Amino acid sequence: MENKELQHEEELKPTFAVHPKKFLLWLFIVTIVMMFAAMTSAYLVRSTDGDWLKFDLPNTFLVSTAVIILSSITLQGAYWAAQNNNRQMLIAGMGITVVLGVVFLVLQYEGLFIDLFKQGVFLGGEYSNPAGSFVYVLALLHGFHLVTGLIYLLIVFYSSVKGKVGSSDLLQIEMCTTYWHFLDLLWIYLFVFLQLNN
Amino acid sequence: MSAVNTSHSSADAHAHDEHDHHDLPWIRQYVFSEDHKYIAKQYLVSGIIWAIIGGLLSVLFRIQLGFPDADLTWLKPLLGEWIQNGKLDPEFYLALVTMHGTIMVFFVLTAGLSGTFSNFLIPLQIGARDMASGFLNMISYWLFFLSSVVMMISLFIKTGPASGGWVIYPPLSALPQAVNGSGLGMTLWLVAMVFFVASTLMGGLNYVTTVINLRTKGMTFTRLPLTIWAFFITAIIGILSFPVLVSAVLLLIFDRGFGTSFFLSEIYIGGEALHHEGGSPVLFQHLFWFLGHPEVYIVVIPALGITSEIVATNSRKPIFGYKAMIFSIVAIAFLSFIVWAHHMFVTGMNPFLGSIFMFLTLIIAVPSAVKGFNYIATLWKGNIIFTPAMLFSIGLVSFFLSGGLTGIVLGNSAADIQLHDTYFVVAHFHIVMGSASFFGMLAGVYHWFPKMFGRMMDEKLGYIHFWLTFIGVYLIFFPMHYIGIAGFPRRYYSWTGFDAFNTFTDLNEFISIAAIIVFAAQFIFIFNFFYSMFRGRVSTLNPWKSNTLEWTTPINPGHGNWPGAIPHVYRWPYDYSKPGAADDFIPQTVPFSATPESNFPHEKDEH
Ligand code: HEM
Ligand SMILES: [Cu+2]
């Protein structure tokens, strides 16, 4: 029996396989997409109901959008550096990305809690309107995910410094890059969405 | 460490683990275990504990409904302040129904069912050493545990647990002033559910990844047992729908804690206007039911998968319409995302929109009927072996059919105006979801107990358990249709004040007595379960003469499941009573070249 099975081993088609960890990450991204899809659908449904405050998004968000796009570029640079085993470029790229990520968060904070406040758009309370509350909730929820992305970046940064990231060890940085690009795209989507529907 | 390394099949990696698992510290073997079989047992035992609690709560409110005039002082030791002057506190009644629903739908029939059987069977039946990520799997269980603890705490706080119904509609759930349970109890409910969803998602990601990536050689998608198909599709539904619940819960949390008005508008409490303006409570219902309806299929599809496997094995016949079974699960899953508004026909929805949702809803009856038909066709002229597992599976088929029929009635938007929020709905979903899914779970436990614990459960106790429960379920829920058609509303603490419903006193009493008997009968199972774990007859390798891979492992499989190489797969799992074959079953590991006498012309090993 045992022998017979072994004999047949070569004849059987191998089953489809992606790296399980990457696959897990992609599925995780799907769950985040669903969450934001629900939120933005709720936004659309609610906005057609009338009593909807109109206001302009603060310019700070334009800057933060530029910053996060830039961070994706620097991270991609770090990834390419890892492919070429260019350690200095790798560490520099990772470092800059982390800094840009933090700058993005600071800008988001400013946009929400300083600029929007000045415009009289609040998260909650007597003078709030769902139109404004949605902007807060969407940006905060995105910000929360961005923090998880930052933690991930720091882990990969640490590995890079330790010399554990290189052309033969790309999995970690590749997954991190995928996740960060996704968070970048997600913000661009939210930004354009809010811009168009406000 | 190299890139080459990462492309190694993780099977190899686990093969190494196997040698050193004995060195694992106690806590990682018995508490924070990453072995899918152990995690499955943790889920099962947690599920059983929750089921007892959930059942007990339902007995309490059935006592209230069946015997509204009775003196309940004797319950004071258990319920304390919730009994006032020998009467159940009306607000606590609402809390009881809410927690009963929450516990049963989420903690028992989602976590307890999928958590147990997806974890246990996916690696064993597809030929994998473990889940794609054992670590994530372990975290998933402990998040569930954390969620359980928070939910449990909410049962004991002074203001009582959440009491706005398991669907937690705002504004009731959003305003602490509305009802005691909307205070701290509701907050704990929301926190618990966030952990719960995180746990479910981690589990689901793992199940999908494992099924796609870690199948053994030869295990193509068309050779997967229907159990695996069911778990796989269930996990996908969960991945797509649970995040939407998170969104709804988040917005609700903001409404409760941060003064936003997503779901609240123009509310007066005690003559005073609240500041909330511009929200829409119906929006919450849309978000909730976008999860809620798929959720009911998350609950029932694993049970249907388990039943497919058990019915084929114990009819000693190939499952009828294997591909049709797969297709109907996929169709049900797809449709389940576009029918949610049938729960909202009476929210003032545009009647034209209502008729679209009615049309989509009624289409679900088609794939559902295909499944029912296929079960019956599989049983037809089989050499049926009535094991307890088989009886529970047949019971499931019965419930799925009779409960599905009332679904078709409810799906008509005009009929639903009368039936919505009556006991007719309660009867519908307790039969089609509650009972069917419970029976699937019980069938699974009876069937795979030998693989879980290396021992057999007692059959005689199994038969008694089955007949009491099966007949009891119909005695409880069948009369509810009748009360419901008469307009008897659900979630009412007391109906004695309404002349129209006084005539149902006897019927309500009857239902309550049946419910108490069925609840008591479950302790036969619980005794059997724990007794057999230690004292049951020792199992043989393949006690049900089944074809699937799990029965090729040792009686008590260790970490890594197979001591040697993982077996390869050469055929589908349903070669029972094949004409010409010596035995009435041919396991998936037997190549066609070994069975020339029974091969069909097209059946050759692939070259
Ligand atoms: C032929 C298939 C089915 C149809 C047409 C159908 C239709 C419906 C409709 C229209 C309602 C809303 C009634 C109302 O609130 O007024 C309903 C409620 C419900 N159905 Fe079904 N159903 C079907 C199968 C199922 C299945 C298979 C399950 C679960 C496994 C299920 C679980 C539920 C639950 C849990 C509720 C009530 C939720 C609540 O309000 O608390 N149904 N069904
Ligand atoms: Cu539904």
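Quick note on labels: first sequence line is chain A, next is B, and so on, each numbered from 1. Bear in mind the structure is a predicted one, so any value in this text is a computation, not a measurement.
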Can you find a pair of side-chain heavy atoms, one from [X] and one from [Y], that are under 4.5 Å apart?
X       : Y       : value
M34(A)  : V246(B) : no
F254(B) : L123(A) : yes
V208(B) : F23(A)  : yes

Residue L141(A) versus chain B: region with a heavy atom under 4.5 Å |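 For L141(A), side-chain heavy atoms alone lie under 4.5 Å from chain B.
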
Toward chain B, the part of F122(A) with a non-hydrogen atom under 4.5 Å | neither

State whether the side chain of R46(A) and the backbone N or O of F263(B) hold a donor-acceptor pair below 3.5 Å, judged by distance alone.
-> no

T260(B) side-chain N/O to G124(A) backbone N/O, donor-acceptor pair under 3.5 Å | no

Pick one of side chain, backbone, both or neither for [X], based on which atoms fall under 4.5 Å of a heavy atom in chain A.
X       : result
F284(B) : neither
L136(B) : side chain
L287(B) : side chain
L283(B) : side chain
L205(B) : both

Output the option from L250(B), D255(B), V244(B), L240(B) having the highest count of non-hydrogen pairs under 4.5 Å with chain A.
->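 Heavy-atom pairs under 4.5 Å are most numerous for L240(B).
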
Max heavy-atom pair count under 4.5 Å with chain A, selected residue of F262(B), F258(B), F290(B) |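 Most heavy-atom pairs within the cutoff with chain A belong to F262(B).
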
Between [atom1] on residue [X] and [atom2] on residue [Y], distance to nearest 0.5 Å:
X       : Y       : atom1 : atom2 : value
T209(B) : H19(A)  : OG1   : NE2   : 11.5 Å
M39(A)  : S247(B) : CE    : OG    : 4.0 Å
S128(A) : E277(B) : OG    : CD    : 9.5 Å
L24(A)  : M202(B) : CG    : CE    : 10.5 Å

